[in-house]
4 protein chains.
Amino acid sequence: MAGVNKVILLGRLGSDPEVRNLPSGGKVVTFSIATSENYNNKNGEKVEQTEWHRIELWEGLANIAEQYLKKGDMAYVEGRIRTEKWTDKEGIERNTVKIRGNALQLVGGRGAGNDGATESSSTYSGNSGGGYAPKSAPIPMPPPAEMAGSGSDDLPF
Amino acid sequence: MAGVNKVILLGRLGSDPEVRNLPSGGKVVTFSIATSENYNNKNGEKVEQTEWHRIELWEGLANIAEQYLKKGDMAYVEGRIRTEKWTDKEGIERNTVKIRGNALQLVGGRGAGNDGATESSSTYSGNSGGGYAPKSAPIPMPPPAEMAGSGSDDLPF
Amino acid sequence: MAGVNKVILLGRLGSDPEVRNLPSGGKVVTFSIATSENYNNKNGEKVEQTEWHRIELWEGLANIAEQYLKKGDMAYVEGRIRTEKWTDKEGIERNTVKIRGNALQLVGGRGAGNDGATESSSTYSGNSGGGYAPKSAPIPMPPPAEMAGSGSDDLPF
Amino acid sequence: MAGVNKVILLGRLGSDPEVRNLPSGGKVVTFSIATSENYNNKNGEKVEQTEWHRIELWEGLANIAEQYLKKGDMAYVEGRIRTEKWTDKEGIERNTVKIRGNALQLVGGRGAGNDGATESSSTYSGNSGGGYAPKSAPIPMPPPAEMAGSGSDDLPF
DNA sequence: TTTT
DNA sequence: TTTT
């Protein structure tokens, strides 16, 4: 429980949320949201650079995302960075960086696609402002142990 | 220059922005945005509590707010807390708390009121991650082109 | 449950935390932390402007603050803005703005005062990333009704 | 310029900052900071999981990091997530995720190593609250001393 | 892969 | 004063 690891994102979903039901009965929902920045490169040309953020939501937030979010929607997500190490089928070590969300705010549909409906707006929270699960959290936070193949951590030097 | 004083808000404007042109030639725009929380009180009754945040934007952000924001719109505002002390006409000391914004993101119109238009979405920044506004910031950022590869890691999908 | 109302502060305590035990058995701890910004005013003079933030912590975070924080310590606080309206003894309506904390990180003692001890560093979280109490929060969130009579606003010295 | 991509970190440096001077004359400093979370796994065992964040700072912030940060120090960093794609010597596509910092706060030395010195505390900002590079960014960093004429401002509306 |  |  040391330090602060907080991410705040506001962007659009690149695809519908993917739902995964766990043997344990839990639920995980994942999707990507895009943020972008524009700048002029050294040749003076306009460049738009898009960053894709892989979001992972558990339990309550997973349910909400499953029900209310779809491709093209804009969402506010608060969470923490989580790197998962794994080995691909070629035996190559790889890292996946995800945002484990602990708060979600829907900020409106895709415009086209929600045919005139006003955008919605509701915040839902998992636990943990700083993204740190209290040791025995009354608000349940999926134990990382369930996070299949995730875990581990080590020094980058 | 000590410490961090950062506010992140996402909510709707309670009124159109008010524009004030300064003798100095500068421009200030102010408006309020609402955020709310719902809970059950001790009698088990549902309560919605709204918090109104007085936003103040200067210069570039003031122009954008003036042009693109109106009552009912949802906006993301990042800024810092600022308490101003003043004396009212009865001679009573008072405090006003404002959010001096340094980043603004439009996240869609009011639904009704933007007659079918898709919601917009653009972030504009003043300076200062930590919320410390130099009056006329050059606003620098190295072009990503210079960012020469390093590191390692990757995704499994 | 609409919108985002999030505050992130890193600064030093202006005084020891004040502990208040509630008839209900709950506990509230309040203290102020300072952040400051430096700039040159229009006459080119260096100015340091200090902002004092009134922090209010409940239950678990209150216990931690009571035990580990003291005047001069630096702390990271995450929370939400909360304006309380009250009437002073002259019958004048007043507002008090507080930061209701939902995460706390100790980032070191005062230097002098912790005579050589290395600074500590631990994050504790109440609930609610976005600061929104889930409708029936397992981590109890004090009903605003209980908050009565807290008010006043001013500096801790 | 769409969306919000913001990261807030508070943790300790795993190594001294690495300085890289660019042919262009620019400077980049990189280092990793650790955050951790503690939880009990499904067997009830205490687990501490550390996340390492690769920080990249440019220009003004690079100078400050180079001068004032070293292994073991605690720092607050605000920035944005940036994934860089590259191909390793085996021809394998890889991603590197970095935090491009735009604000930096020193929050004290390592305890041991700054033998009794009080910890320092200063925030430096690059641009961009939301971390979005303005269209044609030069490269400088307003040194706090240069933070020329800020405000005025007030009027209690 | 979103969106403007 | 917004909105759902």
Side-chain angles (χ1 to χ4, degrees), chain A residues 9-18 30-38 46-55 64-65 68-77 105-114 117-124, chain B residues 9-18 30-38 46-55 64 68-77 105-114 117-124 155 157, chain C residues 1-5 83 85 95 132 135, chain D residues 1-5 83 85 95 132 135 157:
Chain A
L9 300 171
L10 180 59
R12 289 187 189 281
L13 279 77
S15 60
D16 286 338
E18 298 160 36
T30 52
F31 55 87
S32 291
I33 69 176
T35 58
S36 62
E37 45 181 313
N38 297 285
K46 231 176 165 165
V47 180
E48 174 175 75
Q49 188 168 331
T50 297
E51 178 78 28
W52 285 97
H53 309 269
R54 191 83 191 145
I55 311 296
I64 289 160
Y68 298 111
L69 288 179
K70 64 177 184 313
K71 179 176 172 174
D73 285 350
M74 181 171 280
Y76 170 94
V77 174
Q105 164 91 29
L106 320 177
V107 289
R110 208 171 67 90
N114 71 344
T118 67
E119 71 277 19
S120 53
S121 158
S122 295
T123 301
Y124 306 93
Chain B
L9 301 171
L10 180 59
R12 289 187 189 281
L13 280 78
S15 60
D16 287 337
E18 298 159 36
T30 52
F31 54 89
S32 291
I33 69 176
T35 59
S36 62
E37 46 182 310
N38 296 285
K46 231 175 166 166
V47 180
E48 175 175 74
Q49 188 168 331
T50 297
E51 178 78 28
W52 286 96
H53 308 269
R54 192 83 191 144
I55 311 296
I64 290 160
Y68 298 111
L69 288 179
K70 64 177 185 314
K71 178 175 173 173
D73 285 350
M74 180 170 282
Y76 169 95
V77 174
Q105 164 91 31
L106 319 178
V107 290
R110 206 171 70 92
N114 71 343
T118 67
E119 72 276 19
S120 55
S121 158
S122 296
T123 302
Y124 306 92
L155 330 193
F157 42 94
Chain C
M1 227 94 63
V4 171
N5 172 359
T83 301
K85 298 181 181 311
N95 291 334
Y132 300 95
K135 242 146 206 165
Chain D
M1 226 97 60
V4 172
N5 172 1
T83 300
K85 299 182 181 309
N95 292 333
Y132 300 95
K135 247 142 202 170
F157 53 137

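Since the model is a prediction, treat every value here as computed from it, not as a measurement. Just so it is clear: chains get the letters A, B, ... in the order the sequence lines come, proteins before strands, and each one is counted from 1.
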Any N/O donor-acceptor pair, A:Thr50 side-chain to E:dT3 base, under 3.5 Å: no
Between atom [atom1] in [X] and atom [atom2] in [N], what is the gap in whole Å?
X	N	atom1	atom2	answer
B:Leu13	F:dT1	CG	P	15 Å
B:Arg12	F:dT2	CZ	P	12 Å
B:Leu69	F:dT2	CG	P	16 Å
A:Glu51	E:dT3	CD	C1'	16 Å
A:Leu9	E:dT3	CG	C1'	15 Å
A:Tyr76	E:dT2	OH	P	25 Å
A:Asp73	E:dT4	CG	P	12 Å
A:Arg54	E:dT2	CZ	P	14 Å

When you get a sec, tell me which of E:dT2, E:dT1, F:dT2 is the closest nucleotide to the side chain of A:Ser32?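 Nearest nucleotide to the side chain: E:dT1.
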Name the closest nucleotide to the B:Trp52 side chain, picking from E:dT1, F:dT1, F:dT4.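 Shortest atom-to-atom distance from the side chain points to F:dT1.
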Which residues pass the side-chain hydrogen bond (donor to acceptor under 3.5 Å, both in side chains) test with C:Thr83, not counting sequence neighbours? B:Glu51
Does the plane of the ring in B:Tyr76 sit parallel, tilted or perpendicular to the ring in A:Tyr76? Use 30° and 60° as the thresholds. tilted
Interatomic spacing from OG in B:Ser36 to CZ in B:Arg12 - rounded to 0.5 Å: 10.5 Å
Residues in side chain to side chain contact (heavy atoms under 4.5 Å, CB included) contact with B:Ser15, at least two apart in sequence or another chain: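 By the side chain to side chain contact (heavy atoms under 4.5 Å, CB included) rule, B:Ser15 matches no residue at all.
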